Student: 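The structure that follows is given in the form of structure tokens.
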Amino acid sequence: MDSFPRQKLKATLTDTSKIPLVLVACGSFSPITYLHLRMFEMALDWVNDHGAYEILGGYFSPVSDGYDKKGLAPWKHRVKMCELSVMESKWLMVDSWEASRPTWSKTLSVLEHFDEHLNGKNNEYCCVLPDGTKKRIKIMLLAGGDLIQSFAVPKLWAESDLDTILGVKFGCVVIERTGADIHDFLLKSDALYRNRKSVFVVKQFIHNDISSTKIRLFVRRNMSIKYLLPDAVIDYIYKVDLYSLPQDKDDDDDAHII
Ligand SMILES: Nc1ncnc2c1ncn2[C@@H]1O[C@H](COP(=O)(O)OP(=O)(O)OP(=O)(O)O)[C@@H](O)[C@H]1O
Ligand SMILES: NC(=O)c1ccc[n+]([C@@H]2O[C@H](COP(=O)(O)O)[C@@H](O)[C@H]2O)c1
């Protein structure tokens, strides 16, 4: 049985001249915040303004516990917090395939998983237009400026993966990070420059720098986290007692940031 979430996925295009588009955000989401939710809304405004695409849906894909990043709550909790956050959204969904795997999956494999479920191995799903013709759904990675900057970290990303993620097969919508000059980085990075026609930078008109790291620290310090993330997520964090203990030494080191 296919458990891929499709409940909010638009079945067809309103404007058949456009390219159907699905956005996928990969990350820790430990916990998800209003910044992560806003990334999708900023991208939606960009898509509507750009004109070539029509959004069918958006997905959060939380990373597996195997990623072993500091402050990573167990995957079931991270998926649940994402699900609670998208309850009110008409187009955002959460796919737990990546999170539920015992080992870490490269971002390219995650995008390929989406491609398989949204388009099918032989285009059996795709997007069916009212006249019966099928259009392949474009899947793009939705990423923040910091994730893009990690492309420059030696050996973290394979060049061939970057060319597929950023190139014509997928593509990337980048939400600029407050204070970081993404355009400058775009020029400096060979992979980003090579694929610049399918990498789209979205400006944050209202700067938002809510950080999951700081939220974890606030919880540990008994400080308020209200209005930084949805109330349902805040209630969940306290109900199951997440982030109250330092997870490791690195998390303790974050104490200097406030
Ligand atoms: N301030 C920000 N501006 C733009 N994008 C951001 C910002 N913070 C996070 N993102 C993006 O959100 C996505 C998910 O991020 P992730 O949860 O992995 O890290 P994080 O939000 O930086 O959390 P942590 O503090 O735990 O490192 C990534 O694409 C990341 O680039
Ligand atoms: N080579 C890769 O595919 C690769 C490398 C580093 C991070 N990532 C992804 O980037 C996302 C965010 O990672 P960070 O939270 O470490 O910035 C995660 O979803 C992670 O899986 C992918």
Side-chain angles (χ1 to χ4, degrees), residues 23-43 46 58-73 75 77-79 81-82 85 94-99 101 103-114 140-166 170 172-182 185 191 199 201-220 225 228-229 233 242-243 247-248 250-251 253-254 257-258:
L23 295 172
V24 177
C26 292
S28 307
F29 308 113
S30 187
I32 184 169
T33 72
Y34 279 133
L35 180 270
H36 298 131
L37 291 157
R38 282 290 306 159
M39 284 174 67
F40 276 98
E41 297 295 326
M42 287 185 264
W46 173 82
Y59 290 90
F60 284 101
S61 181
V63 78
S64 145
D65 290 354
Y67 190 49
D68 207 20
K69 189 181 164 179
K70 66 176 175 177
L72 211 56
W75 70 271
H77 294 315
R78 288 181 290 113
V79 166
M81 290 189 281
C82 289
S85 302
V94 183
D95 180 32
S96 60
W97 175 82
E98 177 187 1
R101 304 189 85 205
T103 52
W104 173 63
S105 310
K106 287 163 81 176
T107 299
L108 180 56
S109 317
V110 176
L111 295 178
E112 275 164 352
H113 152 82
F114 276 94
M140 284 195 203
L141 178 68
L142 175 62
D146 58 329
L147 196 150
I148 297 304
Q149 282 174 330
S150 82
F151 294 171
V153 176
K155 301 204 172 94
L156 191 59
W157 298 78
E159 279 296 294
S160 57
D161 282 17
L162 287 181
D163 279 333
T164 314
I165 293 169
L166 305 172
F170 294 108
C172 187
V173 177
V174 186
I175 307 294
E176 68 161 20
R177 187 158 202 166
T178 311
D181 188 346
I182 290 294
F185 188 72
V199 176
V201 179
V202 177
K203 193 173 166 50
Q204 284 202 53
F205 289 111
I206 297 180
H207 288 252
N208 179 343
D209 209 8
I210 300 175
S211 134
S212 300
T213 302
K214 283 191 194 166
I215 292 198
R216 294 194 297 272
L217 186 60
F218 280 23
V219 173
R220 223 166 73 231
I225 52 172
L228 296 173
L229 58 173
V233 177
L242 295 176
Y243 312 122
Q247 306 238 324
D248 54 27
D250 287 342
D251 236 18
D253 290 346
D254 290 332
I257 62 178
I258 49 170

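It should be emphasised that the depicted structure is a prediction, and the values quoted were computed from it without experimental measurement. Start at 1 and go down the list; that is how both ligands and their atoms are numbered. Count residues from 1 along the sequence. Worth knowing before you read on, the calculation uses all heavy atoms, side chains too, and leaves out hydrogens, waters and symmetry mates.
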Student: Between H36 and ligand 1, which part of the residue brings a heavy atom under 4.0 Å of the ligand: side chain, backbone, both or neither?
Tutor: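 It is the side chain that gets close, since no backbone atom is under 4.0 Å.
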
Student: To the nearest 0.5 Å, what is the distance between CD1 (I210) and CD1 (I215)?
Tutor: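 Atom-to-atom, I210:CD1 and I215:CD1 are 6.0 Å apart.
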
Student: Please name the pair of heavy atoms, one in F170 and one in L108, separated by the smallest distance, quoted to 0.1 Å.
Tutor: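 Result for this residue pair: CE1-CD1, 3.9 Å.
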
Student: Have S150 and W157 got a donor and an acceptor in their side chains that come within less than 3.5 Å?
Tutor: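 Short answer, yes.
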
Student: Among all the protein's non-hydrogen atoms, which is closest to atom 17 (O) of ligand 2, and how far away is it?
Tutor: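 Minimum-distance protein heavy atom for atom 17 (O) of ligand 2 reads K69 NZ, 4.1 Å.
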
Student: State the atoms of ligand 2, each with its element, that fall below the 4.0 Å cut-off from a heavy-atom position in V63.
Tutor: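 Those of ligand 2 that fall under 4.0 Å from V63 are 21 (O).
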
Student: Is R78 paired with D65 through a side-chain N to carboxylate O contact shorter than 4.0 Å?
Tutor: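 R78 and D65: salt-bridged.
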
Student: Quick check: A158 and ligand 2, any N/O pair under 3.5 Å apart?
Tutor: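 Between A158 and ligand 2 (N or O atoms, distance only) the closest approach is not under 3.5 Å.
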
Student: Closest non-hydrogen protein atom to atom 4 (C) of ligand 2, residue and atom name please, with distance?
Tutor: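 Nearest neighbour among protein heavy atoms for atom 4 (C) of ligand 2, to 0.1 Å: W104 CZ2, 3.4 Å.
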
Student: Any side-chain to backbone donor/acceptor pair from R101 onto S64? Under 3.5 Å, distance only.
Tutor: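 Pair absent, no side-chain N/O of R101 close to backbone of S64.
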
Student: For atom 29 (O) of ligand 1, what's the nearest protein heavy-atom neighbour? Residue, atom name and distance, please.
Tutor: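 Sorting protein heavy atoms by distance from atom 29 (O) of ligand 1 puts G144 N, 3.0 Å first.
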
Student: Atoms of ligand 1 less than 4.0 Å from Q204 heavy atoms?
Tutor: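 In order of number, 3 (N), 4 (C).
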
Student: For atom 1 (N) of ligand 1, which protein heavy atom lies nearest, and how many Å away is it?
Tutor: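 Scanning the protein heavy atoms, the shortest distance from atom 1 (N) of ligand 1 goes to D209 OD1, 2.7 Å.
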
Student: At their closest point, which heavy atom of L242 faces which heavy atom of V219, and how far apart are they?
Tutor: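 Here L242 and V219 meet closest at O-CG1, 3.5 Å.
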
Student: Can you tell me if R216 has a non-hydrogen atom under 4.0 Å from ligand 1?
Tutor: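 Heavy atoms of R216 do come under 4.0 Å of ligand 1.
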
Student: Tell me: protein heavy atom nearest atom 10 (O) of ligand 2, and distance?
Tutor: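 Looking only at protein heavy atoms, the one closest to atom 10 (O) of ligand 2 is L147 CD1, 3.6 Å.
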
Student: Considering only the protein, which heavy-atom contact is closest to atom 2 (C) of ligand 1, and what is its distance?
Tutor: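 Going by distance alone, atom 2 (C) of ligand 1 is nearest to R177 NE, 3.4 Å.
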
Student: Using distance alone, with no hydrogens and no angle criterion, decide if E98 and S61 have a side-chain donor and acceptor under 3.5 Å apart.
Tutor: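 Checked: E98/S61 side chains pair up, N/O donor to acceptor below 3.5 Å.
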
Student: Counting from 1, what ligand 1 atoms have a heavy atom of A143 closer than 4.0 Å?
Tutor: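 The atoms of ligand 1 under 4.0 Å from a heavy atom of A143 are 29 (O).
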
Student: Checking S211 side chain against K214 main chain: does a donor-acceptor pair fall under 3.5 Å?
Tutor: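 Indeed, once roles are kept as given, a pair shorter than 3.5 Å links the two residues.
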
Student: Answer yes if the ring centres of Y243 and F218 are under 6.0 angstrom apart, and no otherwise.
Tutor: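 Ring centres of F218 and Y243 not closer than 6.0 Å.
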
Student: What part of V110, side chain from CB on, backbone N/CA/C/O, both or neither, has a heavy atom under 4.0 Å from ligand 2?
Tutor: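 Under 4.0 Å from ligand 2, V110 contributes no heavy atoms.
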
Student: Quick one: which ligand 1 atoms are inside 4.0 Å of a heavy atom on S212?
Tutor: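 Those qualifying, in numeric order: 21 (O), 23 (O), 24 (P), 25 (O), 26 (O).
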
Student: Answer yes or no: is there a side-chain heavy-atom contact under 4.5 Å between F151 and L162?
Tutor: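 Counting from C-beta outward, F151 and L162 do come under 4.5 Å.
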
Student: Quick one: does S150 get a heavy atom under 4.0 Å from ligand 2?
Tutor: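 Checking ligand 2 against S150, which is what was asked, there is no heavy-atom contact under 4.0 Å.
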
Student: Got the closest protein heavy atom to atom 7 (C) of ligand 1, with its distance?
Tutor: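 Nearest neighbour among protein heavy atoms for atom 7 (C) of ligand 1, to 0.1 Å: L35 CD1, 3.2 Å.
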
Student: For the aromatic rings, using the six-membered ring if either is Trp, is the centroid distance between H36 and F29 under 6.0 Å?
Tutor: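 Yes, ring centres under 6.0 Å apart.
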
Student: Should the proximity of T33 to ligand 1, defined as any heavy atom under 4.0 Å, be assigned to the side chain, the backbone, both, or neither?
Tutor: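 No part of T33 comes within reach of ligand 1.
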
Student: Look at atom 7 (C) of ligand 2 and say which protein heavy atom is nearest, naming residue and atom and giving the distance to 0.1 Å.
Tutor: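 That would be Y67 OH, 3.3 Å.
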
Student: Please identify which atoms of ligand 2 are closer than 4.0 Å to at least one heavy atom of K106.
Tutor: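 The atoms of ligand 2 under 4.0 Å from a heavy atom of K106 are 3 (O).
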
Student: Examine distances only and state if a side-chain atom of E176 and a backbone atom of V202 form a donor-acceptor pair shorter than 3.5 Å.
Tutor: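 No, the answer is negative, given that no donor and acceptor are paired below the 3.5 Å cut-off.
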
Student: May I ask you to identify the nearest protein heavy atom to atom 18 (O) of ligand 1, giving residue, atom name and distance to one decimal place in Å?
Tutor: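 Atom 18 (O) of ligand 1 sits closest to the protein heavy atom S28 N, 2.9 Å.
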
Student: Output the list of atoms in ligand 2 that are nearer than 4.0 Å to some heavy atom of S28, sorted by atom number.
Tutor: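 Here the atoms of ligand 2 in question are 15 (O).
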
Student: With a 3.5 Å distance limit and no angle check, can you tell me whether S109 reaches the backbone of S105 through a side-chain donor-acceptor pair?
Tutor: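 Such a contact is absent between S109 side chain and S105 backbone.
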
Student: Just to be sure I'm reading this right: ignoring hydrogens, which of I165, D161, T107, L156 gets closest to atom 1 (N) of ligand 2? Compare them by their nearest heavy atoms.
Tutor: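 Looking at heavy atoms only, L156 sits closest to atom 1 (N) of ligand 2.
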
Student: Which of the atoms in ligand 1, numbered in the order shown and given with their element, are less than 4.0 Å from a heavy-atom of M39?
Tutor: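 Within the 4.0 Å cut-off of M39, ligand 1 contributes 11 (C), 12 (O), 29 (O).
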
Student: Considering only the protein, which heavy-atom contact is closest to atom 31 (O) of ligand 1, and what is its distance?
Tutor: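 Closest protein heavy atom to atom 31 (O) of ligand 1: D146 OD1, 2.3 Å.
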
Student: What protein heavy atom lies closest to atom 25 (O) of ligand 1? Include the residue and the distance to one decimal.
Tutor: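 Checked against all protein heavy atoms, atom 25 (O) of ligand 1 sits closest to T213 OG1, 2.4 Å.
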
Student: Note the single closest protein heavy atom to atom 17 (O) of ligand 1, along with its residue, its atom name and the distance in Å.
Tutor: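 Here the closest protein heavy atom is F29 N, 3.0 Å.
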
Student: Look at the aromatic rings of W97 and H113 and report parallel, tilted or perpendicular, splitting at 30° and 60°.
Tutor: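 Plane angle under 30°, so parallel.
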
Student: Search all heavy atoms of A73 against all heavy atoms of S30 and return the closest pair with its distance.
Tutor: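 Looking at all heavy atoms of both residues, the shortest contact is N-OG, 3.0 Å.
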
Student: Hey, is K69 one of the residues with a heavy atom under 4.0 angstrom from ligand 1?
Tutor: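 Right, K69 reaches ligand 1.
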
Student: Looking at every non-hydrogen atom in both residues, tell me the closest pair between D95 and Y59 and how far apart they are.
Tutor: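 Closest pair (atom of D95, atom of Y59, distance): CB-CD2, 4.2 Å.
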
